[in-house]
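Inspection log for the structure reproduced underneath, given as structure tokens.
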Amino acid sequence: MLSALFRKRPAAEAPAQNAGSTTPPAPGAPPVLQAEAVSDAAAWVGVRRDRLRDLVAEHGVVTVQGLGLRTPADVEAVLHQVADRPVTEREAFAARDRHAEGVYSSSAWPPNQPMCMHHELSYTLECPSLLLFACLEPPTEGGATAVADSAAVLEALPAELVDRFEREGWLLTRSYNDEIGATLSQSFGTDDHDAVEAYCRANAIDWSWQPDGSLRTRQHRPAVVRHPESGRRCWFNQIAFLNEWTMAPEVREFLVEEYGPDGLPFNTRYGNGDPVPREVVEQINTVYDAHTVRRPWNSGDLMLVDNIRTAHSREAYQGPRDVVVALADPVRPDRPSATGRAAA
């Protein structure tokens with residue numbers, strides 16, 4: 001079971017006539033476009049690229065229904081129409097299948113456990129600015145890819161909590177092995193020690209090889225960044241999601257007993273190294289919950305997400321669920337200078 005855990009507001013303006021009809025969303029919810037009689041999803045998206053990107057810039061997320069997406073190849077074709085550059089995933093925390101450049105399966109995660117709000121690869125120096133989620137097969141129950149506005153979350157968090165994280169940043173610690181979490185090869189694209197060290201050095205990651213040959217890393221990242229286009233301050237991190245207190249209690253207990261408190265597959269700390277208390281993690285997740293917008297998946301749906309402006313989650317589900325994710329258009333939001341080094 002533990003192996004499976006880690007392995008594998010209405011639009012301000014009506015859309016143009018050729019952009020598809022718009023379903024009026026609930027107050028605060030992002031817009032939904034209804035595509036009709038689509039025979040070529042990529043061509044449909046290509047014609048409407050500017051309108052779709054404008055909606056993402058305005059709302060942080062837009063959903064298109066009725067595209068009839070059925071295969072990862074369909075998603076790849078759409079990606080090349082709406083984005084400029086696919087992103088190859090590095091530093092994955094859980095395994096996923098690679099379908100094409102920038103196109104992946106959802107991260108391996110138990111169906112009965114939710115995946116909390118986060119921004120994709122917010123702990124990397126260069127991260128995707130645009131995400132595409134495509135539902136090839138919806139679950140029978142649950143399983144929404146929910147979203148939350150990170151600027152609104154930032155405003156709602158307690159000022160003292162934000163002040164400390166904005167002042168200190170946050171630390172991500174990771175332990176790589178062949179049993180729990182993504183392997184070296186899955187995370188770095190190689191298991192060659194020299195190549196891994198070169199990557200860490202170039203990406204401001206401290207590293208140390210353990211006596212058993214496993215790798216431990218530590219990286220310092222900002223918790224609040226300015227959006228590269230709008231300049232809005234956004235709560236942009238995975239402090240709560242990758243923290244030990246967000247794990248299911250029985251999973252955390254097993255991992256601490258098996259690997260020790262310093263050997264967890266991943267954990268987060270304040271920027272000065274202090275542990276993040278459980279009540280702080282709960283505060284963050286409570287604010288996320290209050291700002292969560294969810295919509296059930298339908299077969300063939302496409303969701304475009306501004307990865308800086310909008311956090312996303314995956315809710316627990318039953319039955320089959322095949323949601324493909326594409327990563328695109330890399331950016332380097334407010335980042336410290338890269339000084340990756342071997343840990344003492």
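Inter-residue side-chain proximity for Tyr123 and Gln238 is flagged as met; some heavy-atom pair is nearer than 4.5 Å. Annotation: side chain of Leu131 is in contact with side chain of His312 (closest heavy-atom distance under 4.5 Å). Within the 4.5 Å cutoff, the side chain of Cys127 has heavy atoms near those of the Val331 side chain. Under the 4.5 Å side-chain criterion, counting only non-hydrogen atoms from C-beta, Leu136 is in contact with Pro72.
With Trp170 as the aromatic partner, Arg221 does not meet the cation-pi criteria of under 6.0 angstrom to the ring centre and within 45 degrees of the ring axis. The cationic group of Arg164 lies under 6.0 Å from the six-membered ring centre of Tyr270 and within 45° of the ring axis, placing it in a cation-pi geometry. Remark: Arg218 is not positioned above the aromatic ring of Trp207, lacking an NZ or CZ atom under 6.0 angstrom from the ring centre and at most 45 degrees off the axis. A cation-pi arrangement is not found for Arg295 relative to Trp297, the charged atom failing to lie both closer than 6.0 Å to the ring centre and inside a 45° cone about the ring normal.
Taking a cutoff of 4.0 Å between a charged side-chain nitrogen and a carboxylate oxygen, Glu244 and Arg252 qualify as a salt bridge. Between Arg96 and Glu120, at least one side-chain N (NZ, or NE/NH1/NH2) sits under 4.0 Å from a carboxylate O, which counts as a salt bridge. Between Arg53 and Asp84, no side-chain nitrogen of the basic residue sits less than 4.0 Å from a carboxylate oxygen of the acidic one, so the salt-bridge criterion is not met.
Using modelled atom types, no side-chain atom of Tyr288 and backbone atom of Ala240 make a donor-acceptor pair closer than 3.5 Å. A distance-only check finds a donor-acceptor pair linking the side chain of Gln186 to the backbone of Thr183 [under 3.5 Å]. The closest donor-acceptor contact from the side chain of Asn307 to the backbone of Ser129 lies at 3.5 Å or more, if one exists at all. Side chain of Asp329 to backbone of Arg85: a donor-acceptor contact under 3.5 angstrom is found.
Using bins of under 30°, 30° to 60° and over 60° for the plane-to-plane angle, the ring pair His118/Phe241 lands in the parallel bin.
Other residues, nucleotides and ligands contribute more than 12 heavy atoms inside 6.0 Å of the CD atom of Glu137. Few gaps surround CD on Glu279; more than 12 heavy atoms of other groups in view lie less than 6.0 Å from it. With a 6.0 Å radius and a threshold of 12 heavy atoms from other residues, nucleotides or ligands, Arg278 has its CZ atom at or below the threshold. A 6.0 Å sphere centred on CD of Glu258 holds more than 12 heavy atoms belonging to other residues, nucleotides or ligands.
Donor-acceptor pairing under 3.5 Å is recorded for the side chains of Thr268 and Asn243. At a cut-off of 3.5 Å, with distance as the only test, a side-chain donor of Asp212 or Ser214 sits close to an acceptor on the other residue.
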Under the salt bridge (charged side-chain N to carboxylate O under 4.0 Å, His left out) rule, what do Glu166 and Arg233 come out as? Steps first, then yes or no, please.
CA-CA 11 Å; Glu166 192 161 20; Arg233 293 168 64 247; 2.7 Å; yes
Checking salt bridge (charged side-chain N to carboxylate O under 4.0 Å, His left out) for the pair Arg309/Asp149: CA distance, chi angles, key distance, verdict?
CA-CA 6 Å; Arg309 163 85 178 271; Asp149 187 302; 2.8 Å; yes
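One finds the NE2 atom of His99 at 12.0 Å from the CG atom of Asp74 (value rounded to the nearest 0.5 Å). How far CG of Leu304 is from CG of Leu55: 9.0 Å, rounded to the nearest 0.5 Å. The line from OG1 of Thr310 to CE of Met117 is 9.5 Å long, rounded to the nearest 0.5 Å.
Checked against a 6.0 Å centroid threshold, the rings of Trp209 and His193 count as neighbours. A distance below 6.0 Å separates the ring centres of Tyr176 and Phe188.
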